[in-house]
Every structure is written in structure tokens, then in C-alpha cells.
There are 2 protein chains.
Amino acid sequence: MIKIRRTTLLLPESWMMSKGRVLSIQSHVAFGYVGGKAAVFPLQCLGYDVDVVNTVNFSNHSGYGRFGGSKANASELSTIFSTMEQNGLLRPERLLTGYIPSGDALLAIKDLAVKLRERNPDLLYLLDPVLGDAGKLYVSPDVIPVYQSMLPLATIITPNWFEVEVLTGVHMTDLRTLRQALKILHHEHKVPNVVISSIPLKEWLKSVLPSDIYIPSPLLEAIVEQDYLLCITSSSEDLTPTSSPPSRVHARAVPCIPGYFSGVGDLFSALVLAHFKPSVLPTISNEANCAESNAEPEDALAHAVSHAITKTHAMLTLTQSYAMTLPEDERQPTDDELDENELDRKVRRMKGRELRLIQGQDIIRGLANVENRKMDRWVGFWDDS
Amino acid sequence: MIKIRRTTLLLPESWMMSKGRVLSIQSHVAFGYVGGKAAVFPLQCLGYDVDVVNTVNFSNHSGYGRFGGSKANASELSTIFSTMEQNGLLRPERLLTGYIPSGDALLAIKDLAVKLRERNPDLLYLLDPVLGDAGKLYVSPDVIPVYQSMLPLATIITPNWFEVEVLTGVHMTDLRTLRQALKILHHEHKVPNVVISSIPLKEWLKSVLPSDIYIPSPLLEAIVEQDYLLCITSSSEDLTPTSSPPSRVHARAVPCIPGYFSGVGDLFSALVLAHFKPSVLPTISNEANCAESNAEPEDALAHAVSHAITKTHAMLTLTQSYAMTLPEDERQPTDDELDENELDRKVRRMKGRELRLIQGQDIIRGLANVENRKMDRWVGFWDDS
């Protein structure tokens, strides 16, 4: 008797292909979009298989004031990693780590990163050194030296302004100290790709930025209350202190959306990793072209970050537009004193400001018509340094 | 000074809308697609905000032989629920529960389901009573009576053949015992919508099925090794034992894809819940039409299950086609004896058979050209009963 097995679906060739596998190690919340909940769905939409290890399992993010659940300790994390290892399931092409609350847990993740890096020199590791913001630490201080020791393992890091200061010990107040901090990250900590996300565009920064990145307009600033945030990337293949110039620097000023939104950095980092194509590498000649033309930057990091800020900014705009449609008591402005007297005031605001990741999934997929934000070459950044 | 705030994105109206919120309570694995990993991404792709509570955090599913991680105990689950409750974050329109390994944890989830049902009579609760398959229990036996006590809370249940037998105590061997089991679920356990997924199409079933659902062809069966699985739905708004007929029954035979794949039931249940529109309700007149026409079934359950089996079957076909492209040692057939001697043999097979959920996401979104599987009315199911 002849036995024939049938399949009933003819499949496009592309369905057989995978874009690759990301191991994402982050916090998990049941409600809302921070940590893994802000990062995993976008990576999946963009075609990545994502292995998801949860560092905490909480009800909601801590900004609500009330939150509950459990943290995975170092031994629980190590058990998951070692079981995956024994099963041959620890072969990601990309690694993404975010909020990790304790030094012990971070050490377990460092061990993993060391192993993955040894095994695969091409591993793309995006390390988001989540420490705090605007002068305030979110993590236990013993996390800081562990992150410092992990920096040489990373392909890309995405600290905010404050985290750069904590990691480098440099207080950035002018172009000289900004250069100094970048040099420390590239040369001492051996990080090839640095993204400093969301730097408030203070006067000293405005005064040194090339005009294609930011055109100061005192008249406009006087009538339109529009703050800007600056995003800076700095990338270099040569991490020796004598390399000259030390790196390629790109930047983009983006209008600041009023209000505090959680999970934005987690979404941004996931998008940077998703769009990072290491084959997009600059040559000396097209570097100059890129600075002058309007073409997409050829620098792999600037390319990825252009996509990431475009999509993150559109998602934030969508979220803020939605928040504005809510009843007034669900969109109270931030006021620590009032919040302290009435916890639910804060809770309602937080709820209304959760990222609209599901409703805006076409933004993630690049199917929405949104304003492009391109990282432009900061010509002359290292001149006379 | 006039202060104007600008937004820079004009948004389509639909982006402001949410399809609603699902609370999904399931197992979590870092690698692969079972439990929440098989259910959450599809629900998100279909536009639902999903609140995700993890009952376990494991490295991979237990079918690999080796697996590690931790289980959330009842008190951890209750803390998450009560914190969400205090924050006003426990307002899902839909509830989805899957694999819950212990009676204690299940009791915590029952308490939650009771509260959500009391608060919202329109809550759509899909309860997948994960107990086991093919005569083998996966859970502790103390889970069984808890599930039985939870059945009246459910809008839809999706047991497999074995789980129906365990829940009802009826061994199904003919049309009479199948009717008896359905009556027990509808009348004693007060479940309005029952989906019995994947029943092996044995001879007695073939002999009673209407010809539009399955046409027996001994000649074809002799030359093509093609087993079928039957999916049956039974729905009723009147759950009193005297209602006549007791329910509307629909069915569809689907070719069986060789090999064992994990997470299929979890994907299927998520898709049933996603596509269930309670407004699609039958009237006496269009019931008859539906049975005779080729139109989409008007029965809300049959409608949802038609979409769910269409997409699940296409995803399985994709997954199996991919598995066939792997090197031979990664697609060894199931052989318990060989597996026992060499654990990695099983691991390699399991890995190659993980659902291709990411590569096949267009199937989930309804954008792929796949064969439709429509649930047809089983006319005369209750005749002479």
C-alpha cells in the first residue's frame, strides 16, 4: 500500500525564513507596557523570535505607586539559563537586557553574556544600563560597578543622560565634558556603539549643534512652548585611545512630548536592536557624502536609531493624543504633592499614559505614514579636541 | 506669553480605538511557543491589549524532557490580582485561562474569575481546562474538581476529547455517549459554549457524521495515509435540561498533520476568544439557512471556531513544512524508547517543531491566502435523542 502524506498549504518562501532570535531579559508587568511588555511585541512584529526571560513578575510598573509580585533571584535566572543551555536553546544572534533590579541578578546575567560573547563574537548585544533618570537611581547602588564591568561585552549601549554621568563619572556641562564621557565609553569601556537618548536641549548644547540638526529661533521659542530632546549616537570600530577622530557622531533634535510616559526607553532600545544591521558600515568616502546628502545614514548605528526615534516618537505622539481624549480626572498633570495625598490620582494618570503599542502596531511595522526623524552627521564634533 | 503645544502626527481614527482588553493567565516559557507565548502575540496582533499573568516561568515546555524555572504559588498570584484590583487595573472584557499546574493556584484564579463574573455579567471567559491528553493527566488530580466547580463561570470551554471524559465522567464511544457528555456540560455545568477540539475521527464518528462534514471514501483512505481530526462545537442560550434541542452543534473534519506539536491548543483557544463576537447570534430562521448555505455560520461560536481552525491549521502546516526542511537528525520521529536512551534526540525534535508563530504572523492577521475551514451545522445531531 502506497502511503502519501499531503500538505494543503503552499507557502511563500519568506515564511520559511527567520530574521533571527533575540534573547530578551527584562522585567515583566501584567498590566501595561514597560520592560519586556514594551520590547517583545515590537521585536516579534518585526519578525524576530524572542526568547523571554522575566527578571520580575509584577502587577504593573512602579510609577503607579502601588505594585506587587515577585522578583526572580540570581539562582532562578541561572537555572533557566543553564536548562536552556543543556537543551541547546541558548543560541541567540541578539541579546537585549533591560531593567535588572539587583546586583546579584545582574551578575547572573553577566555570566550569561560572557558565555554568549565567547561563543559568538558576532553576537549583537544591546545593553540598556537602566540605573535611573534625572538624578535619581531606580536600582540598588551595587548594580553600578557590575554594569561598568559589563560594558566591554556590549555591541550597543543606550544610557540616558544621567546614566552616562553615573557610568563615566563625568558631569556633562559643555562640549568638552560630553566628548570626555564618550571617550571614556569608547576607550576605557570598549563600547563600539553608544546611543545617548533624550538629552534635554540646554543652551550650551544649542550653541554647539550644527544648524542642520537644530536651528535656534529665539522668536519661535518665545511663542511656542516647545522643548526639544536631543538624541546622540557615537560609533567607532577602532577603540584604541589614539584613534582619530575617536568616533562618528550623529544627532537629531526631537520635539519633547509633554508629560511622563513609561516604557519609552524600553521600546526605543528594542527598536534600535531590531533595526541594527551590522553590514551597514561606513567607508571614509561615503561618510562625507552622508553628512552632506539627505540619504539614509550609512552608519549602522545612525541607521538603526533613525528608525527607532521615528517609531518611538510616533508611538508617543499617538499615546499622548489618546491621553488627551480621556476624562479630565484621568489626565491630571504630574504633581508630587497632590499625588502623595491621593494615590489614585497618580494611578489614573499612569493608566492613561500607558503606551498605545497595540493600537499603533502599524507604526512598529513601518506601515504608518509618520514623520521621519533622521540622525544627521554632527560634522566637526571632534574638531580641535 | 501665549503657549501652544503642538502634536506632529495626524492619526487615523481607528488608532484611537481599542478592541478591548484580555486578561490571560497561563504558563510562560523563555524559549518556544506554548501557553502565554502561543496565545498572547496572536491576541496582540488581532488588536487586543493583553494583561499577562504568568503561572509558571520555565526555560521551555516540559515535552523537552529537561525544563527548569519556578511556579507562581497561589499567594503570588493573589498578590498580583489584588494589586491590580487596588489600582483599578482589573477590568478586562475577556478572560483567558490555560495551563495551571496546581489546585491551590487554580483556586486563586477561581476567586478572581468569580469576582470578575460578578462585576461584569458580559465578561467573555474562555476556560481551557488543561488536564491532559490521550488518557494521560498533565496536572495534579486535585485540579479536576476545581475545574468542575469553575465551569459555570465560563462563557466558552475548549477541552480536548480526554478532558471532556474526565470532566463529565462519560466515556465517549458512540453518538449516545457524545450527546450525554454535551448535555452534562450544558445542563449540569451550565456552560453555554463547548468546543471539543481535535477528536480522532474513529469509525463510529464517521458513520454518524453528515456527508457535508465528512464524506467517507474507502478507496481514497486505502491509498492516502490521511487521518482526520474532528472539531465539534455545541452552543446554547437555554441551559435548562428541558430545552429542545439541547444545543446547536457544528463540526468540521480537518486533515491530521503527522507529528506532535506543542502549543497548538493554546493558540487555538486564544484565536477562538479573539474571534468570538457575542453579537453574532442565531435566530431560528437563519439557523436553517446556515445549515444549507455556504455562508459564514451565524452562530457566534461556530463563527469564531471557523476562524480559529482555519488559522491554527495553516500555522501547523507552516510549522510542519519548516520542520521537514531541517537536517534529518532534527526531525526524528517520536519513539519513546530511543528518546529515553538519548535525551537530546527528543530535544532536537521538539525544537524543530516549535510553532512558526512569528514567521506566520500574516496567517494570524488574516492576510495570508490559506484554505478556509468552516464549521458546518450538524443537522439532526439531536434527532431521536
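Naming convention: chains lettered A, B, ... in sequence-line order (proteins, then strands); numbering from 1 in each chain. Everything numeric in this text was worked out from a predicted model, so none of it was measured.
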Give, for atom OG1 of A/Thr312 and atom CG of A/Leu267, the distance between the pair rounded to the nearest 0.5 Å. 4.5 Å

d(A/Phe67 CZ, B/Asn87 CG) to nearest 0.5 Å is 10.5 Å

With chain B as the partner, which of A/Val29, A/Leu46, A/Ile25, A/Asp49 has the greatest number of non-hydrogen pairs under 4.5 Å? A/Asp49

Taking side chain as everything from C-beta outward and backbone as N, CA, C, O, which of these in A/Asn60 sits under 4.5 Å from a heavy atom of chain B? Side chain, backbone, both or neither. side chain

Look up atom CZ in B/Phe58 and atom OG1 in A/Thr83, then write down how far apart they are to the nearest 0.5 Å. 10.0 Å

With no hydrogens and no angle check, is any side-chain donor or acceptor of B/Thr79 less than 3.5 Å from a backbone partner on A/Gly69? no

I'd like to know if the side chain of A/His313 reaches the main chain of A/Pro255, judged simply by a donor and an acceptor atom lying under 3.5 Å from each other, with no hydrogens or angles considered. yes

Non-hydrogen atoms of chain A under 4.5 Å away: do they reach the side chain of B/Gln361, the backbone, both or neither? side chain

Please state whether the side chain, the backbone, both or neither of A/Gln44 comes within less than 4.5 Å of a heavy atom of chain B. both

Counting heavy-atom pairs closer than 4.5 Å to chain B, which one of A/Met350, A/Glu354, A/Glu76, A/Arg21 comes out on top? A/Arg21

Among the options A/Leu357, A/Val52, A/Val347, pick out the one with the most heavy-atom pairs lying under 4.5 Å from chain B. A/Val52

How far apart are the closest heavy atoms of B/Ile80 and A/Gly68, and which atoms are they? CG1-O, 3.9 Å

Do you know the tightest heavy-atom contact between A/Val34 and A/Gly263? CG1-N, 3.7 Å

I need the minimum non-hydrogen distance between B/Lys37 and A/Asp51, along with the two atoms involved. NZ-CA, 4.4 Å

Heavy-atom closest pair, residues B/Asp104 and B/Ala74: O-CB, 3.5 Å

Interface residues of residues 88-96 of chain B facing chain A - heavy atom cut-off under 4.5 Å: B/Gly88, B/Leu89

What part of A/Tyr48 is in contact with chain B, defined as an atom under 4.5 angstrom from a non-hydrogen atom: side chain, backbone, both or neither? backbone

Measure B/Val40 against the heavy atoms of chain A and call it side chain, backbone, both or neither at under 4.5 Å. neither

